[in-house]
There are 2 protein chains.
Amino acid sequence: MSKPTNKKISESTIHRLSIYYRALVTLENEHYKTISSKELAKREKLTPAQVRKDLSFFGSFGTRGLGYPVAELRNRIAEILGLTRLWNVALIGVGNIGSALVSYKEFAKQGFNIKLIFDNDQRKIGSNHKGIKVSDFKDIAKLVASEKIDMAIIAVPAHTAQATADEVVAAGVKAILNFAPINLKLPAHVILRSQNMCIELEHLAFAMTNDVISD
Amino acid sequence: MSKPTNKKISESTIHRLSIYYRALVTLENEHYKTISSKELAKREKLTPAQVRKDLSFFGSFGTRGLGYPVAELRNRIAEILGLTRLWNVALIGVGNIGSALVSYKEFAKQGFNIKLIFDNDQRKIGSNHKGIKVSDFKDIAKLVASEKIDMAIIAVPAHTAQATADEVVAAGVKAILNFAPINLKLPAHVILRSQNMCIELEHLAFAMTNDVISD
DNA sequence: AATTGTGAAATTGTTCACAGCA
DNA sequence: TGCTGTGAACAATTTCACAATT
């Protein structure tokens, strides 16, 4: 029922699902009732065939001749991405990036609730960030369990990131978003995504150096 | 000379080049003189064949039986990525994320020098962030030219991002890194990369919801 | 003996093109 | 008629496997 095809959904399809989701939220605000693959593709600089292929992975949702029902499709994608529930997130490290993430409103909008903040700097422990008291990183195991934390965001310096991640995993966290610019080694059962902001700037530098022109 | 093959270097290869670069910097600090594709692959969770294919795009740098010379290879990748020069970067928007980026030390380490900061909030204009005075966004065209800005980082709220980007492009900036969670529409000659932090969390949510286990 | 460099094979991802349906 | 859903064709990327080299 929830798996109309048994083909594996690719990473790139999941990525585009996030894109569709955001587009559909916008379309809903613009009071669209339906949207065709052609129009959705145009908005997100994709091809209509790709939109249809992606959406067909989880069943027939469109109406031939008409397009896709915006609200229903947005809902369905939210279900698939796991956005119909709240996620309890722990933030590790409240330096530059960590502080920015606490205040980042998009997270809350998508159901990612930063519930705990950890640091190991005595000057920061006990202080308040957007109404959340900074806890001592030593207490992570206890608090992750009691607060039912689902995910952790690691925003500590590169040289402590691996040790930090190991402790986060030991505390029972099963999914990590890493902002430290290193490749973390974690057990296979832990889901890891990394965000390295330098890599994107390097990509710009590469493109400018090599006169890459996107057409 | 600089183009030993005429095959196009793919986006994914460029991405891995950034990864190799960082790995090689680490290896150099650990006093490695040479590194084999096997060992490099192991460190970065890739396959040896892929490492060799990627590196072969820009010539034969390895020595059969021995591996790749760490320092030389790091240098060569730096050249390819355009990291052997300084890049003048303008930051647009000094809210949560913008503030974090000004203080983010990795940027400077890789030669990305945030030289100008812009905002349109009168309370912020004139204030200091890490020794850089916040300029009025109205003056962007003049300052981009006089300060020889190469790239802009857009860190403004989603609803103003498109208008901001349009002005940044009008000011003559040819490369943009966008942190606003929308799909910017820009002329083809402008190089654009986007970083959407929600998408990564959504990926974690998807993986947890669907019991994806990376093996 | 160890490891690169690279065609060829396998796999994965994208686009085409059209039958089928509203 | 317009647009979806999808198998087949095509394109890109990754992996294999091995000759060449130190």
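Below, chain A is the first sequence line, B the second, and so on; all start at residue 1. None of the values given here were measured: they were computed from a predicted structure.
Atom CZ of A:Phe61 is separated from atom P of C:dA22 by 16 Å (rounded to the nearest Å).
Within residues 63-71 of chain A, the residues that place at least one heavy atom under 4.0 Å from DNA chain D are, in residue-number order, A:Thr63, A:Arg64, A:Gly65, A:Leu66, A:Gly67, A:Tyr68. Against DNA chain C, the stretch residues 20-45 of chain B makes heavy-atom approaches under 4.0 Å through B:Ser36, B:Ser37.
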Quiz prompt | Base-contact (B) and sugar-phosphate-only (S) positions in nucleotides 9-18 of chain C, heavy-atom cut-off under 4.0 Å, - elsewhere | solution = ----SSBBB-

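Taking A:Asn75 as the reference, nothing meets the side chain to side chain contact (heavy atoms under 4.5 Å, CB included) condition, with sequence neighbours excluded. With sequence neighbours left out, the salt bridge (charged side-chain N to carboxylate O under 4.0 Å, His left out) criterion links B:Glu79 to B:Arg76. Residues forming a salt bridge (charged side-chain N to carboxylate O under 4.0 Å, His left out) with B:Asp166 (at least two apart in sequence, or on another chain): none. With sequence neighbours left out, the side chain to side chain contact (heavy atoms under 4.5 Å, CB included) criterion links B:His129 to B:Val94, B:Ser99, B:Val102, B:Ile117, B:Ser127, B:Val134. B:Glu44 is linked by a salt bridge (charged side-chain N to carboxylate O under 4.0 Å, His left out) to nothing, counting only residues two or more places apart in sequence or in another chain. Checked against side chain to side chain contact (heavy atoms under 4.5 Å, CB included), A:Glu106 has the following partners two or more places apart in sequence or in another chain: A:Tyr104, A:Lys109, A:Gln110, B:Pro181, B:Cys198.
In this structure, A:Lys105 places its NZ atom where only 12 or fewer heavy-atom neighbours from other residues, nucleotides or ligands lie under 6.0 Å away.
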All N/O donor-acceptor pairs, side-chain side in residues 32-40 of chain A, below 3.5 Å, sequence neighbours left out:
from, atom 1, to, atom 2, distance (Å)
A:Tyr32, OH, A:Arg43, NH2, 3.4
A:Ser36, OG, A:Glu39, N, 3.1
A:Ser37, OG, A:Arg52, NH1, 3.1

Donor-acceptor list for residues 144-159 of chain B side chains, cut-off 3.5 Å, not counting sequence neighbours:
from, atom 1, to, atom 2, distance (Å)
B:Ser146, OG, B:Lys142, O, 3.4
B:Ser146, OG, B:Leu143, O, 3.4
B:Asp150, OD1, B:Arg85, NH2, 3.4
B:Asp150, OD2, B:Arg85, NH2, 3.1
B:Asp150, OD2, B:Asn88, N, 2.8

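Annotation: salt bridge (charged side-chain N to carboxylate O under 4.0 Å, His left out) contacts involving residues 167-190 of chain B, sequence neighbours excluded, are absent.
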